[in-house]
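To start, the structure itself, in structure tokens.
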Amino acid sequence: MLRLLALRYCPAREAMGMATIEVDEYTKQAVVFAARVANLPEGAVIRRLIADLTAPEQTPPPPATEIADGIPIHADYEGHRVRARYIAPARVEIVDGPLAGQSYRSPTGAARAVVRLYNPDINDNRNGWTFWQVDSGSGSRAPLQSIRPGTIRSGRGSLQGRAVIADDWDSPETNDSIAQDFGVAP
């Protein structure tokens, strides 16, 4: 059984406004890893976790209605808000800032351009469907993913009802052929 948190009294730390939290080694390593990935101090990771756990649940915004020019979206990155519009099924057009007028074939392409503009020294790989937020008008936030075409699936598995599988899909011959393709044939 994991003992997640145990506060310990320390007068010196209390004088500095700090408390000590004892965690098991696995949890400590997870926090260290999260801090390294997010480029944050360990305390900031803990504060974010607590804030996320104690924040009131937000209801998703009402579905965005597409206007003739697309759905208004935005991204907040490195202190800059970039406004754009989403045109189904995947196009994003930037409407303000240094990238105004640029059109991208996918939300990811547009997200990468924003990252390259404001933070050119880092890897620009981003998932555009979660990078961009839908402008709901009510102040609540929802990722572009929430209105992505084809994300509502009624069946089990993403290909249910769509995949046509040959009768020999799991035959020894097919498996041997795949193994040869990957260089792991016996």
Side-chain angles (χ1 to χ4, degrees), residues 27 29-42 44-165 169 178 182:
T27 303
Q29 293 306 315
V31 170
V32 168
F33 177 73
R36 192 174 322 135
V37 168
N39 196 24
L40 293 170
E42 293 169 22
V45 170
I46 298 295
R47 282 189 295 279
R48 282 189 179 185
L49 288 171
I50 291 169
D52 287 349
L53 290 173
T54 58
E57 277 197 38
Q58 296 181 355
T59 56
T65 55
E66 186 163 358
I67 55 177
D69 293 332
I71 298 171
I73 60 175
H74 71 273
D76 293 320
Y77 184 74
E78 293 290 319
H80 302 274
R81 175 162 285 196
V82 179
R83 289 179 177 78
R85 65 179 153 252
Y86 167 72
I87 301 165
R91 183 163 293 282
V92 171
E93 293 180 353
I94 310 291
V95 298
D96 69 359
L99 297 173
Q102 296 292 317
S103 182
Y104 300 88
R105 292 183 301 189
S106 71
T108 297
R112 294 180 71 181
V114 170
V115 172
R116 280 192 304 271
L117 174 69
Y118 292 114
N119 204 347
D121 297 329
I122 67 165
N123 186 323
D124 65 356
N125 284 336
R126 295 293 181 277
N127 178 342
W129 294 101
T130 56
F131 185 86
W132 295 99
Q133 303 291 311
V134 177
D135 288 338
S136 66
S138 66
S140 59
R141 295 174 20 164
L144 184 55
Q145 175 73 31
S146 66
I147 62 168
R148 184 178 186 180
T151 57
I152 300 172
R153 298 179 179 119
S154 58
R156 182 175 175 195
S158 62
L159 296 177
Q160 182 167 353
R162 295 183 187 177
V164 177
I165 301 172
W169 73 274
I178 293 168
F182 284 93

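Each residue takes its place number in the sequence, starting with 1. On a predicted model such as this, the values are computed, not experimentally measured, just so you know.
D76 contributes atom CG, which lies 8.5 Å from atom CZ of R83 (distance to the nearest 0.5 angstrom). Here the CZ atom belonging to R36 is positioned 7.5 Å from the CZ atom belonging to F33, to the nearest 0.5 angstrom. Atom-to-atom distance recorded for I94:CD1 and R85:CZ is 10.0 Å, nearest 0.5 angstrom. Note: Y77 OH to N119 CG = 4.0 Å, rounded to the nearest 0.5 Å. Taken to the nearest 0.5 Å, the CH2 atom of W132 stands 5.5 Å off from the CD1 atom of I73. Taking CG of D124 as the reference point, atom OH of Y118 lies at 15.0 Å (rounded to 0.5 Å).
The minimum heavy-atom distance between A90 and P107, with the atom names listed, is O-CD, 3.0 Å. The shortest heavy-atom contact between F131 and A75 is CE2-CB, 3.3 Å. Among all heavy-atom pairs drawn from V95 and A84, the shortest one is CG2-N, 3.8 Å. The two residues E93 and S103 come nearest to each other via the heavy atoms CG-OG, 3.4 Å. Contact between R126 and T108 at its shortest, heavy atoms only, is O-CG2, 3.1 Å.
Applying the ring pair (Phe, Tyr, Trp, His ring centres under 6.0 Å) test to pairs two or more places apart or on separate chains, none has a residue in residues 97-117.
Checking V134, I71, D135 one by one against Y86, the side chain to side chain contact (heavy atoms under 4.5 Å, CB included) holds for a single residue, I71.
Put simply, the side chain of L117 does not reach to within 4.5 Å of the side chain of H80, judged on heavy atoms. Counting only heavy atoms from C-beta outward, the side chains of V82 and L99 never approach each other to under 4.5 Å. When side chains are defined from C-beta on, R91 counts as touching R105, because their heavy atoms get closer than 4.5 Å.
Taking a 6.0 Å sphere around CG of N123, one finds it holds more than 12 heavy atoms contributed by other residues, nucleotides or ligands. No more than 12 heavy atoms of other residues, nucleotides or ligands shown are found within 6.0 angstrom of CZ on R48.
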